[in-house]
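Below is one structure; the comments refer to it alone.
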Amino acid sequence: MAGRFSPRPTRTTVRGGHVAVPGGIPRQAAVAGRARTWVPEGPLDLGLVLGPLRRGPGDPTFRAMPDGSVWRASLTPAGPGTLRVSARGAEVRGEAWGPGAEWLLERLPELLGAADDPSVFVPRHRVVAMARHRRPGLRLTRTGLVMESLIPSVLEQKVTTDEAYRAWRLLVRKFGEPAPGPAPGRMYVMPDARTWALIPSWEWHRAGVDNKRASTILRAVRVAARMEEAVRMPPAQAQARLEVVPGIGPWTSAEVVQRSHGAADAVTVGDLHLPGIVGFALAGDRDADDSVMLELLEPYAGQRHRAARLILLSGRVPARRAPRMPRGDIGRL
């Protein structure tokens, strides 16, 4: 199974949640779009909050710019939209383009963690307390969208980080549509459910996606409306709804609700590396399994996902002692 956080940037590291967003005064977009400003309560780090939404450095739906802004291209219920988020002092400015612009701006505060309450979190371990002290701007994003997190999460099942990111990049660029507005070059909105369903089998193969993962995505997009309804459910019920689809298990459903719901307690189980990282950070046990990880995180019941993210951000990870998982490419077969 693809891993998450290690000394080298991996999917775990990215999920732990930091995308480098350089400082500086944001540059204004050349073409005006709809805009709104919002002042968060307390510190806010755009890279930490939005970082888990990026699927690799070449993600065509996400771009962190040198001027400090972050761009996202999303398929909203109102249609495709592009969102640019920038911070100037205590104020956050959002600009949006396309049919989904109003939907994106209306939910800008939740995207940036307004529905999250980090004050309820009480560190029980020194490593967690130190990570929280160093990362005061960490908040849990809530996108309000299920399929945009579900499909790339399925692509990440049991493969290397590079394979999963490559598949997402190739499929979105080939079958998605260019992001509306003055988005940076080569940004795309992911395909809609019908387009995913019509992707030929050989295109999945060329992207390096095996039949099991492709079939899971095809089953999910056939009930995409039912999947999106899960965003109005509590996280546990939403996970149960997602897991009705064969091929979607606790690992995948947790990865989805962490982003779609901002679920503070949806800890990922079934991961290759996460239990060892949590075990090593909290108990010096690099061989911990899921049961040990859950036992160690029990003091954080209700906030276990936040605790895991802080552990991943702490940098306290065990050294590798085995070769990296080899990268495969079934598209060459």
Side-chain angles (χ1 to χ4, degrees), residues 1 15 52-53 55 59 61-62 72-81 83 98-104 106-107 110-111 115-116 140-158 164 167-168 171-172 175-177 188-201 203-204 207 209-271 305:
M1 180 174 294
R15 190 190 64 206
L53 303 180
R55 306 291 181 157
D59 186 349
T61 69
F62 188 104
R72 291 191 70 234
S74 296
L75 182 61
T76 76
L83 176 68
E102 186 174 346
W103 191 95
L104 290 169
E106 181 181 348
R107 287 156 182 80
E110 286 194 357
L111 180 71
D116 183 37
L140 302 182
T141 184
R142 178 185 173 96
T143 66
L145 298 169
V146 171
M147 295 304 293
E148 76 165 21
S149 293
L150 177 60
I151 292 174
S153 293
V154 172
L155 292 175
E156 293 171 4
Q157 293 176 349
K158 300 185 178 180
W168 173 248
L171 291 169
V172 171
F175 297 101
E177 61 179 281
Y188 290 81
V189 176
M190 80 167 199
D192 60 19
R194 176 175 172 78
T195 303
W196 283 112
L198 294 177
I199 294 177
S201 60
E203 295 291 356
W204 293 104
V209 182
D210 57 77
N211 183 65
K212 182 176 180 180
R213 288 179 293 150
S215 297
T216 299
I217 292 173
L218 293 176
R219 286 190 289 266
V221 298
R222 291 188 187 110
V223 290
R226 298 286 287 169
M227 296 290 98
E228 292 292 356
E229 287 176 3
V231 80
R232 296 190 291 273
M233 301 176 178
Q237 293 182 21
Q239 287 190 251
R241 167 70 65 88
L242 298 179
E243 291 172 24
V244 169
V245 177
I248 298 177
W251 183 93
T252 305
S253 66
E255 290 289 297
V256 174
V257 299
Q258 288 167 6
R259 298 166 172 84
S260 62
H261 290 66
D265 196 48
V267 62
T268 304
V269 295
D271 193 81
H305 170 51

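Treat the numbers as computed from the prediction; the structure is a model and nothing was measured.
- For the pair His261 (side chain) and Ala230 (backbone), a donor-acceptor distance under 3.5 Å is present.
- Here Arg241 contributes atom CZ and Met233 contributes atom CE; the two are 3.0 Å apart, rounded to the nearest 0.5 Å.
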Test side-chain contact (heavy atoms from CB on, under 4.5 Å) applied to Ser260 and Met147, step by step: CA-CA 9 Å; Ser260 62; Met147 295 304 293; over 6 Å; no

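- Note that CG of Leu140 and NE2 of His305 are 5.0 Å apart. Values are rounded to the nearest 0.5 Å.
- Side-chain contact between Glu177 and Pro80 is present, with heavy atoms from C-beta onward closer than 4.5 Å.
- Arg213 pairs with exactly one of Thr216, Asp210, Asn211 by the side-chain hydrogen bond (donor to acceptor under 3.5 Å, both in side chains) rule, that one being Asp210.
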Do Phe175 and Glu203 pass the side-chain contact (heavy atoms from CB on, under 4.5 Å) test, and can you show the C-alpha distance, the side-chain angles, and the key distance before you say yes or no? CA-CA 10 Å; Phe175 297 101; Glu203 295 291 356; 3.6 Å; yes

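- Tested against Thr252 for a side-chain hydrogen bond (donor to acceptor under 3.5 Å, both in side chains), the candidates Glu156, Gln239, Gln157 yield a single pass: Gln157.
- Closest heavy-atom contact between Thr268 and Glu255: OG1-OE2, 2.8 Å.
- The two residues Val221 and Ala193 make their nearest non-hydrogen contact at O-CB, 3.7 Å.
- Nearest heavy-atom pair across Leu111 and Thr141 is O-OG1, 2.6 Å.
- The shortest distance between side-chain heavy atoms of Asp59 and Val172 does not fall below 4.5 Å.
- Closest approach of Pro152 and Trp168 over heavy atoms only: CD-CZ3, 3.7 Å.
- Partners of Asp265 under the salt bridge (charged side-chain N to carboxylate O under 4.0 Å, His left out) rule, at least two apart in sequence or in another chain, are Arg304.
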Would you list the atom pairs, donor with acceptor, under 3.5 Å between side chains in residues 242-249 and any protein atom, with sequence neighbours excluded?
{"from": "Glu243", "atom 1": "OE2", "to": "Ser253", "atom 2": "OG", "distance (Å)": "2.6"}

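- Scanning both residues, Ala167 and Val209, for their nearest heavy atoms gives CB-CG2, 3.6 Å.
- In the displayed structure, Glu110 atom CD is contacted under 6.0 Å by more than 12 heavy atoms of other residues, nucleotides or ligands.
- Separating the CG atom in Leu145 from the CG atom in Leu53 is a distance of 10.0 Å, to the nearest 0.5 Å.
- Taking every heavy atom of both residues into account, Arg55 and Ser153 meet most closely at NH2-OG, 3.5 Å.
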Between Ile217 and Leu155, is a side-chain contact (heavy atoms from CB on, under 4.5 Å) present by the stated rule, with each step listed? CA-CA 8 Å; Ile217 292 173; Leu155 292 175; 3.6 Å; yes

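- Using a 4.5 Å heavy-atom threshold, the side chains of Arg222 and Leu218 count as touching.
- Formation of a donor-acceptor pair under 3.5 Å by the Ser74 side chain with backbone atoms of Thr76 is not found in this model.
- Within the model, atoms OG1 of Thr143 and CZ of Arg72 stand 6.5 Å from one another, a figure rounded to the nearest 0.5 Å.
- Salt-bridge formation is not detected for the pair Arg259/Glu148: no Lys NZ or Arg NE/NH1/NH2 atom is positioned less than 4.0 Å from an Asp or Glu carboxylate oxygen.
- Within the model, atoms CH2 of Trp204 and CD1 of Ile199 stand 4.5 Å from one another, a figure rounded to the nearest 0.5 Å.
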